[in-house]
Amino acid sequence: MAYPMTMTRRAALAGLTALAAPALIRPRAAFAGTGQAFIQPRLNEGRIEGGRRVFDLTVAPGLHEFRPGIATETIGINATFLGPILSARAGDALRMNVANHIGEPMTLHWHGLHLPAAADGGPHQEIAPGAVWSPEFDLMQKAGTFWFHGHQHEKTGAHVWAGMAGVLRVTDDEEAALPLPRTYGEDDFTLVLQDRRFDADGQMPYTMNMHDRMAGMQGDVLLVNGQTGPVLEVDTPLIRLRILNGANGTFYGLHFADNRTFHQIASDGGLLAEPVPMQGAILSPGERAEFLVDVSDGAAVMLRAETFGAEVAMMGTSGTRDVMEIRPRGVRPTPTLPDRLAEIPPPPDATGEDRRFDLAMTGMGMMGDFTINGRRFDHSRIDFAVPLGTTETWIWTNTTPMLHPMHIHDVQFRILSRNGIPPSAQEAGLKDTVLIRPQETVALRLSFSDYADPVLPYMYHCHILEHEDAGMMGQFTVV
Ligand code: C2O
Ligand code: CU
Ligand code: CU
């Protein structure tokens, strides 16, 4: 199944919902649009100390008011839910001081960053309760939207569900030279999309039923940076939305209520070659995209998400939810978009091995395990070693009836093909997470440079966090 990328929302979802049965989860009214003003989390630029940009991140339990007057137990990073938006420049030397105040072991992983395995924050960089972990590394990225989140062995789902995640906004000279909106909180907004289930007491316990184990945790309340139904008032004709799908197991089919065309300008690892027009975009858990939205007509418009889980081909979507209303203040002349954004060279030639990854389920139907090449994750087993300095081809085949967004640490990779067909424009740039649909074979090209470690591995895994925690993960070293 290949998806043309200039597509309508219906076309985008048609392939996924071809066998749709009635939805299992229906939105409730309780949290319906509160109409509160969109609050952009504060930008945190850290502090400069001895030539390094230093960020102090305290991870601690919190009480967050998702609904006025109701305190929900959470985990936050310098906040009561989620973390700050960190801002840094490509090339910065960073130090992250991560303090664990949650009373149990945790890790904090820098999703999308190219860095030494010892600084990665995966399951091998456990931070004991009360300890501070201070990795130092260079920020070797293009301008883009990255993120960080808990990655404790078998606790990733629970920690992220509670709020252990934040965003890293990277700037560089190439991006700064383009005529794009980039004034934070004025025409450039960061949205962390998640959904949660709340119980009668307003708490969001991480308790999974059988469906959650199979499909990933999904909720009926859609959150934007922890807010429900915010309203964003804007004064500029063109706005930039940097969107992270920070959900545990939910896919979002983003579109506007009036089906207006918008443009994607960046994928996981940075700018695309040129703005790509679309009326709908699917974001899988872990993926980021940046969009330009023309609001010069002055009309209020609702950003919406069709929400669905890994089992969409069997279960259908769980409906369409309002994400955020955008209210322009006044009519403005129509903005022009840049024709070109970034130089995206063709994928590098392979110099190393081809590796195959078979995504499967073992055991009895709904009771089975998710496996990669027939194996579940084993913390003490390195699945393979990649020679430093090589470029490899990784070929993923999904024989399960479910969607799996596969993520690889350390690299920004390129998609070569989906079932033999070259990627669409919006998937032709830098990626670290790629959706693999049932019966699909997706080929990736990855270069392993700069950092080797004979012992400490990087992870590759499904970014449905319940699949990851259940063992749909492997690890490789670069040597
Ligand atoms: Cu976003 Cu291994 O994670
Ligand atoms: Cu990652
Ligand atoms: Cu999966």
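The shown structure was predicted, so the numbers you read here are calculated from the model rather than taken from an experiment. When a residue number appears, it is its place in the shown sequence, counting from 1. Numbering of ligands and ligand atoms starts at 1, following listing order.
- Residue D349 places its CG atom among 12 or fewer non-hydrogen atoms of other residues, nucleotides or ligands, all under 6.0 Å distant.
- A salt bridge does not link R197 with D199: every distance from a Lys NZ or Arg NE/NH1/NH2 to an Asp or Glu carboxylate oxygen is 4.0 Å or more.
- Heavy-atom neighbours of R381 CZ from other residues, nucleotides or ligands within 6.0 Å: above the threshold of 12.
- Counting only protein atoms, the N, O or S atoms lying less than 2.8 Å from atom 2 (Cu) of ligand 1 are H151 NE2, H409 NE2, H461 NE2, ordered by chain and residue number.
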Note to self: Between E311 and H211, does the side chain to side chain donor-acceptor pair (under 3.5 Å) criterion hold? Intermediate values first, please.
What the structure shows: CA-CA 10 Å; E311 81 300 33; H211 178 258; 2.5 Å; yes
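- Relative orientation of the H467 and H404 rings is tilted, given thresholds of 30° and 60° on the angle between their planes.
- Between R42 and P84 there is no side-chain heavy-atom pair separated by less than 4.5 Å.
- Put simply, H111 stays out of reach of the Cu ion (ligand 2), with no N, O or S atom under 2.8 Å from it.
- The ring of F357 has its center closer than 6.0 angstrom to the ring center of W394.
- Ring centers of H461 and F377: at least 6.0 Å apart, outside the cut-off.
- For residue H407, an N/O/S atom approaches the Cu ion (ligand 2) to within less than 2.8 Å.
- Ring-centre distance between W396 and F413: not below the 6.0 Å cut-off.
- Heavy atoms from other residues, nucleotides or ligands lying under 6.0 Å from CD of Q40 number more than 12.
- With a cut-off of 2.8 Å, the protein N/O/S atoms near the Cu ion (ligand 3) add up to 3.
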